[in-house]
Amino acid sequence: MDDQTRMMTGLTGLGGLQQADVGDPDSVRKQQSLGQPQQDIGDILQQIMAITDESLDEAQARKHALNCHRMKPALFSVLCEIKEKTVLSIRGVQEEDPPDPQIMRLDNMLLAEGVSGPEKGGGSAAAAAAAAAAGGSPTDSSIEHSDYRAKLAQIRQIYHSELEKYEQACSEFTNHVMNLLREQSRTRPISPKEIERMVAIIHRKFSSIQMQLKQSTCEAVMILRSRFLDARRKRRNFNKQATEVLNEYFYSHLSNPYPSEEAKEELAKKCGITVSQVSNWFGNKRIRYKKNIGKFQEEANLYAVKTAVDAANVSAQASQANSPATPNSGTTEHLGFQPECSDVERDSDVVK
DNA sequence: TGAAATGATTCGTA
DNA sequence: TACGAATCATTTCA
């Protein structure tokens, strides 16, 4: 505004501009009340219409003159207002959108995986958890953990470098557009609000590119996880002692081989595995036992004898202490689950 | 090296 | 939601 008024001092013609009038609001108001503004605007519009017929130099001179005209700010402000009330107000409604839930999901996942945000041991922790779930010892999978961490770090690095590139490109493009619009605002009715709006549009466009980057990063992490952390691929057989503890419980509760939550926890603790692994084990055992009782008979006999011996020992100790014996309740009761009386029962009965 | 064993997953059901 | 059944993927063993 100040530059323009200064430039106006050298201007002649164009609506009868006088030096004394420059920057004098009272004088402007006086002229407005006399109906001069309409004439001014008419003149300006006329000159704008005629500008294309003139040579480049002349046009530049005209443009400069128009830019420096004392009525220009007022005219532009009116045009901006009209523009704001019509096109931009319609567009403005469409522009206000809530945060995209998909972006939020992607952000959360990347954060949880340690790809975005501060670097953390998330990946290795996840790997350790998976290894623990698979029953593997920490040393067994430490090499794979470091491999997993290395791959995750690689993904992280690529993600950040790409993100940086996008942000740089976004900022460069935004600056370019802002400068362009500011430049054009000298000759076109472009308000600062409109420039802001344009910047927001650019940011939205770039954020959609960012979303694609986040999406592909998430996919890469998922593939990495499935490759390294899929428990089925990293399956380890339970150790002998754990299998023995589980079998002991199973055959001593053959009538109802459904351990309670507490029993599962106890077994998990004893075997050094998770409760869900105990559940899996019993699920598999029940179905496989049921499918082929004959095949498991020997095993059943073995554990029945073992259980019976234990029970006998307990009984003996109890009678020594002059108290009633309390044999294992599950040993000989094969109701519901076992379809017929087996050797297991007979064996255990014999031992007793 | 192929079959058997085994732990995990998925899907339908009560 | 726990369970049965089917299936997958891996390990173990002859």
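Labels below follow one simple rule: chain letters A, B, ... track the order of the sequence lines, proteins then strands, and each chain is numbered from 1. None of the values given here were measured: they were computed from a predicted structure. These values consider heavy atoms only, across backbone and side chains, with no hydrogens, waters or symmetry-generated copies.
Ionic pairing of A/Arg197 and A/Glu194 is not present here: no N-O contact between side-chain nitrogen and carboxylate oxygen is shorter than 4.0 angstrom.
The CH2-C1' distance, from A/Trp281 to C/dC3, rounds to 16 Å in whole Å. Straight-line distance from the CZ atom of A/Arg288 to the C1' atom of C/dG4: 12 Å, rounded to whole Å. Put simply, CD1 on A/Ile287 is 15 Å from C1' on B/dT9, counting in whole angstrom units. Between the P atom of B/dA5 and the CD atom of A/Glu299 lies a distance of 11 Å, rounded to the nearest Å. For the pair A/Glu262 CD and C/dA2 P, the computed distance is 13 Å after rounding to whole Å. If you measure from atom CD1 of A/Ile273 to atom P of B/dT6, you get 14 Å, rounded to the nearest angstrom. One interatomic measurement links the two molecules: CZ of A/Phe238 to C1' of B/dT6, which rounds to 9 Å at whole-angstrom precision. Residue A/Asn280 contributes atom CG, which lies 18 Å from atom P of C/dT7 at whole-angstrom precision.
The six-membered or imidazole ring of A/Phe250 lies away from that of A/Tyr303, with a centre-to-centre distance of 6.0 Å or more.
Under the 4.5 Å side-chain criterion, counting only non-hydrogen atoms from C-beta, A/Lys264 is in contact with A/Ser279. A/Tyr289 is listed as a side-chain neighbour of A/Leu254, based on a closest heavy-atom distance under 4.5 Å. With contacts defined as side-chain heavy-atom distances shorter than 4.5 Å, the pair A/Phe296/A/Lys291 does not qualify.
Side-chain atoms of A/Arg286 lie closest to C/dG4 of the nucleotides B/dG7, B/dT9, C/dG4. Listed candidates were B/dG7, C/dA6, B/dT9. Nearest to the side chain of A/Lys291 is C/dA6. The side chain of A/Asn237 approaches C/dT11 more closely than any other nucleotide in the set C/dA5, C/dT11, B/dA8.
Taking only side-chain nitrogens and oxygens, A/Lys264 comes nearer than 4.0 Å to OP1 or OP2 of C/dC3. At C/dT11, one or more side-chain N or O atoms of A/Arg236 fall inside 4.0 Å of OP1 or OP2 (strictly under the cut-off). Contact annotation: A/Tyr258 reaches the phosphate of C/dG4 (side-chain N/O to OP1 or OP2, under 4.0 Å). Distances shown here put a side-chain N or O of A/Lys295 below 4.0 Å from the OP1 or OP2 atom of B/dA5. An OP1 or OP2 oxygen of B/dG7 is reached within less than 4.0 angstrom by no side-chain nitrogen or oxygen of A/Gln277.
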